Amino acid sequence: MSRVEHATRSSRIGVALIGVALIVLALAPFWGDRQMLRLLAEVFTFVALASLWNLLAGYAGLVSVGQQAFVGLGGYLLFALVILAGVHPIVAILIAGPIGALVAVPVAALIFRLRGAYFAIGTWVVAEVFRLLASQISVLGGGSGISLPAAMVVAMAPSRQAREFEIYWLALALTAAVLGTIVALLRSRHGLALTAIRDNELAAQSNGIDVTRIKLIVYVLTGFGTAMIGALIFLMKLRISPDTAFSVNDWTAFVIFITVIGGIGRIEGPIVGTIVFFIMRQTLADLGSLYLLIMGAVAIVVMLWAPKGLWGLIAERFGWQALPLQRRLVLAPKTEEPGERS
Amino acid sequence: MAPILALENISKRFGAVVVADGIGLALAEGEALGIIGPNGAGKTTLFGIATGTVAPDAGRVIFAGQDITRLPPERCCRLGLARSFQVPQPFSGMTVFENVVVAAAFATGASEASVYEPCADLLDRCGLMAKANQRAGGLTLLDRKRLELARALATKPRVLLLDEVAGGLTEHECAVLVRLIKDVRAGGVSIIWIEHVVHALLAAVDRLLVLHGGKFIADGDPRTVIRSPQVAEIYMGIAADA
Ligand SMILES: Nc1ncnc2c1ncn2[C@@H]1O[C@H](COP(=O)(O)OP(=O)(O)O)[C@@H](O)[C@H]1O
Ligand SMILES: [Mg+2]
């Protein structure tokens with residue numbers, strides 16, 4: 001009898017480290033100042049966005065440059081629900097998820113007809129249409145945008161500090177939920193199919209996998225997560241406009257940068273990439289536009305020298321996986337009929 | 001008896017290149033059939049047409065009485081039509097074992113856990129057990145070909161289409177492969193085998209077809225076909241090997 005194991009020594013260490021990190025981060029309000037909490041919450045949102053994009057592009061092969069459509073949609077849903085319907089912001093974030101998924105269905109019906117570069121362009125066009133539509137909504141400030149009314153922000157929590165803690169924990173919890181869902185997905189039967197698709201679509205199809213169906217599931221799921229994170233981002237910003245909500249720079253270019261330097265098609269990649277991205281941003285921000293130039297140079301160097309990203313480099317050299325995703329065949333000591341075995 | 005797989009009047013061209021010009025082919029249940037033909041004759045394309053990855057310009061593909069001409073590859077696979085790729089197409093980031101598990105689970109709809117045991121056996125049969133936990137992308141070409149075969153078998157096919165799996169094998173490895181293919185056939189699987197290694201082919205098939213100029217120009221007993229003058233003429237290099 002043979003056995004199959006998911007965990008390896010590196011993944012046991014990885015899971016333990018992630019557990020410790022989660023606890024330390026959950027306690028951040030007690031060891032970090034306001035500045036730190038804001039920065040960490042922003043880091044979390046980028047980890048979540050990049051992980052979602054990685055699932056979409058890195059695994060399902062759907063190279064979208066239009067995920068800002070869902071970030072903006074989530075942001076606008078938050079403002080609409082809070083301002084127009086008086087919904088509590090946290091509830092609004094939770095509602096943004098399913099609506100994001102719902103909107104993803106007709107969008108997919110449209111853009112799934114396109115292949116390769118045309119698909120990418122299609123996603124971007126959809127995002128631009130969303131931006132134009134948002135600028136037509138005059139009750140939400142039209143083209144110039146709108147702020148969350150102070151009264152509604154204040155009503156969120158008894159004190160300013162309590163509100164900041166609340167938003168921080170919300171960001172941590174949502175990001176952990178996004179990552180947890182992705183891990184669960186990848187460990188499931190769908191994840192097996194998705195990993196096969198990542199590696200070779202032709203072979204995946206030829207071995208019985210309904211590739212289009214899996215891609216659709218991933219696209220809709222990503223719409224769900226991205227809209228929720230979008231709503232969270234604009235709850236943190238307290239102000240929204242069509243240009244910030246549907247910014248291809250912030251919600252797609254940076255996200256792709258993060259995923260590519262971290263390691264596309266690996267669950268650990270976006271986390272590593274986000275850390276690198278923020279370290280660079282914090283240390284180079286004073287350099288102005290030179291900072292974007294340096295980022296571009298780093299991206300090119302990584303793509304040339306480590307096309308599988310920093311984590312890909314490490315994982316292949318040492319055979320590491322930080323999360324127990326692999327199925328390893330463990331051979332039991334030989335109890336088969338003796339003789340046959342050369 | 002109706003054939004398990006039939007190509008009826010298949011035509012296909014890529015631009016000006018005609019690769020199939022009204023081709024017909026019938027594979028009887030339990031039969032093992034070999035196809036030879038010069039490079040670029042269109043052999044691989046025929047497998048693509050049979051399994052739904054290439055759309056023919058005209059003609060029909062019938063599998064077990066069902067018209068599957070327009071069926072997507074995954075449906076063909078689930079019906080029991082498996083193929084190995086001439087240029088191996090491994091899931092390179094997954095382990096060898098995972099590669100086979102994917103095929104077994106999705107082709108049959110079986111639960112993942114229920115296929116672990118048969119997949120381990122299969123790796124053993126195909127000589128890949130020692131590499132079960134290695135990344136498929138790191139395999140040598142030879143092992144990639146073994147994996148192609150293992151993965152195709154994992155789908156529990158009724159018809160197995162093999163595309164040049166014997167190239168580069170040593171005499172001994174080739175004999176092992178032929179034995180494995182005969183075993184598979186004895187298990188009730190019908191086989192079409194495209195192969196340049198003619199002696200391996202002759203050891204395993206009951207009928208041999210020669211594809212040339214978009215048509216089968218010979219069809220019959222393998223030894224008779226391989227010695228026929230037309231084959232010698234268009235196909236000299238390989239006929240001389242045999
Ligand atoms: N997708 C394709 N697009 C254009 N030409 C192709 C395509 N696939 C195969 N061909 C051409 O069709 C011919 C037959 O190819 P193939 O079926 O691979 O032959 P064989 O397997 O007999 O060597 C070749 O000339 C090849 O270049
Ligand atoms: Mg070929």
Side-chain angles (χ1 to χ4, degrees), chain A residues 1-6 8 58-59 186-215 263-267 269 308-309 311-312 315-321 325-332 334 336-337 340-342, chain B residues 47-48 51-53 72-79 81-85 87-113 115-117 119-121 123-124 129-130 132-138 147-148 151-152 154-156 161:
Chain A
M1 282 293 285
S2 41
R3 233 161 10 95
V4 170
E5 275 186 359
H6 288 273
T8 56
Y59 281 89
L186 288 179
R187 284 187 61 148
S188 74
R189 187 180 170 85
H190 279 127
L192 195 63
L194 200 51
T195 314
I197 292 169
R198 171 196 72 182
D199 285 349
N200 195 320
E201 268 189 42
L202 173 65
Q205 282 185 321
S206 298
N207 283 287
I209 294 172
D210 188 340
V211 172
T212 310
R213 182 168 152 270
I214 303 274
K215 286 188 174 196
I264 191 166
R266 290 169 193 276
I267 191 152
K308 291 174 180 173
W311 183 259
E316 283 194 357
R317 178 143 316 165
F318 302 103
W320 286 356
Q321 52 165 355
L325 295 179
Q326 237 173 35
R327 293 146 179 91
R328 299 185 75 80
L329 185 62
V330 184
L331 290 176
K334 283 271 168 223
E336 291 151 37
E337 62 274 50
E340 179 75 295
R341 187 78 255 167
S342 53
Chain B
F47 276 7
T51 55
T53 56
E74 67 272 13
R75 298 275 303 282
C76 296
C77 169
R78 288 183 208 159
L79 286 175
L81 188 52
R83 85 182 277 197
S84 77
F85 288 92
V87 178
Q89 304 283 336
F91 303 123
S92 43
M94 304 174 90
T95 67
V96 169
F97 177 65
E98 287 173 323
N99 267 262
V100 181
V101 167
V102 167
F106 288 96
T108 65
S111 81
E112 208 193 301
V115 304
Y116 287 160
E117 199 64 39
C119 284
D121 289 344
L123 289 185
D124 207 20
M129 196 45 134
N133 292 323
Q134 289 184 15
R135 274 183 55 253
L147 180 56
E148 277 296 318
R151 211 171 51 180
T155 66
K156 292 222 181 117
L161 307 179

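From a predicted model like this one, the values you see are computed outputs, not experimental measurements. Order of the sequence lines fixes the chain letters, A, B, ..., with proteins taken first and strands second; residue numbering starts at 1 for each chain.
- Around CZ of B:Arg78, the count of heavy atoms belonging to other residues, nucleotides or ligands within 6.0 Å exceeds 12.
- Looking at heavy atoms from C-beta onward, A:Glu316 lies in side-chain contact with B:Arg135 at the 4.5 angstrom threshold.
- Counting heavy atoms from C-beta outward, B:Glu74 and A:Ile209 have side chains that stay 4.5 Å or more apart.
- A donor-acceptor pair under 3.5 Å is formed between the side chain of A:Asp199 and the backbone N or O of B:Gly93.
- When atom types are taken as modelled, the side chain of A:Asn207 and the backbone of B:Thr155 share no donor-acceptor pair closer than 3.5 angstrom.
- Among the candidates A:Thr195, A:Thr212, A:Asn200, the residue making the largest number of heavy-atom pairs closer than 4.5 Å to chain B is A:Asn200.
- Most heavy-atom pairs under 4.5 Å with chain A: of the set B:Gly138, B:Ser92, B:Ala152, B:Ala113, this distinction falls to B:Ser92.
- Side-chain contact check for B:Cys77 versus A:Ser206: every heavy-atom pair is 4.5 Å or farther apart.
- A 4.5 Å side-chain heavy-atom check between A:Leu192 and B:Met94 finds at least one atom pair inside the cut-off.
- Heavy-atom distances place both the backbone and the side chain of B:Ala103 under 4.5 Å from chain A.
- Side-chain atoms of B:Glu98 come within 3.5 Å of backbone N or O of A:Arg327 as a donor-acceptor pair.
- Closest approach of A:Arg189 to B:Ser111, counting heavy atoms only: NH1-CA, 3.9 Å.
- Per-residue heavy-atom pair counts under 4.5 Å with chain A were compared for B:Ala120, B:Ala105, B:Ala132, and the maximum is reached by B:Ala105.
- With a 6.0 Å cutoff to the six-membered ring centre and a 45° limit on the axis angle, A:Arg3 does not count as a cation-pi contact of B:Tyr116.
- From A:Leu329, atom CG reaches atom CG of B:Leu123 across 7.0 Å, with rounding to the nearest 0.5 Å.
- Counting only distance, with no hydrogens or angles, the side chain of B:Asn133 and the backbone of A:Arg328 share no donor-acceptor pair below 3.5 Å.
- Among residues two or more places apart in sequence or in another chain, the ring pair (Phe, Tyr, Trp, His ring centres under 6.0 Å) test is passed with B:Phe85 by none.
- In terms of heavy-atom proximity, A:Ala196 sits nearest to B:Phe91 at O-CD2, 3.3 Å.
- Neither the backbone nor the side chain of B:Thr51 comes within contact range of chain A; no heavy atoms are under 4.5 Å apart.
- Neither the backbone nor the side chain of B:Thr108 comes within less than 4.5 Å of any heavy atom of chain A.
- Neither the backbone nor the side chain of A:Arg266 has a heavy atom closer than 4.5 Å to any heavy atom of chain B.
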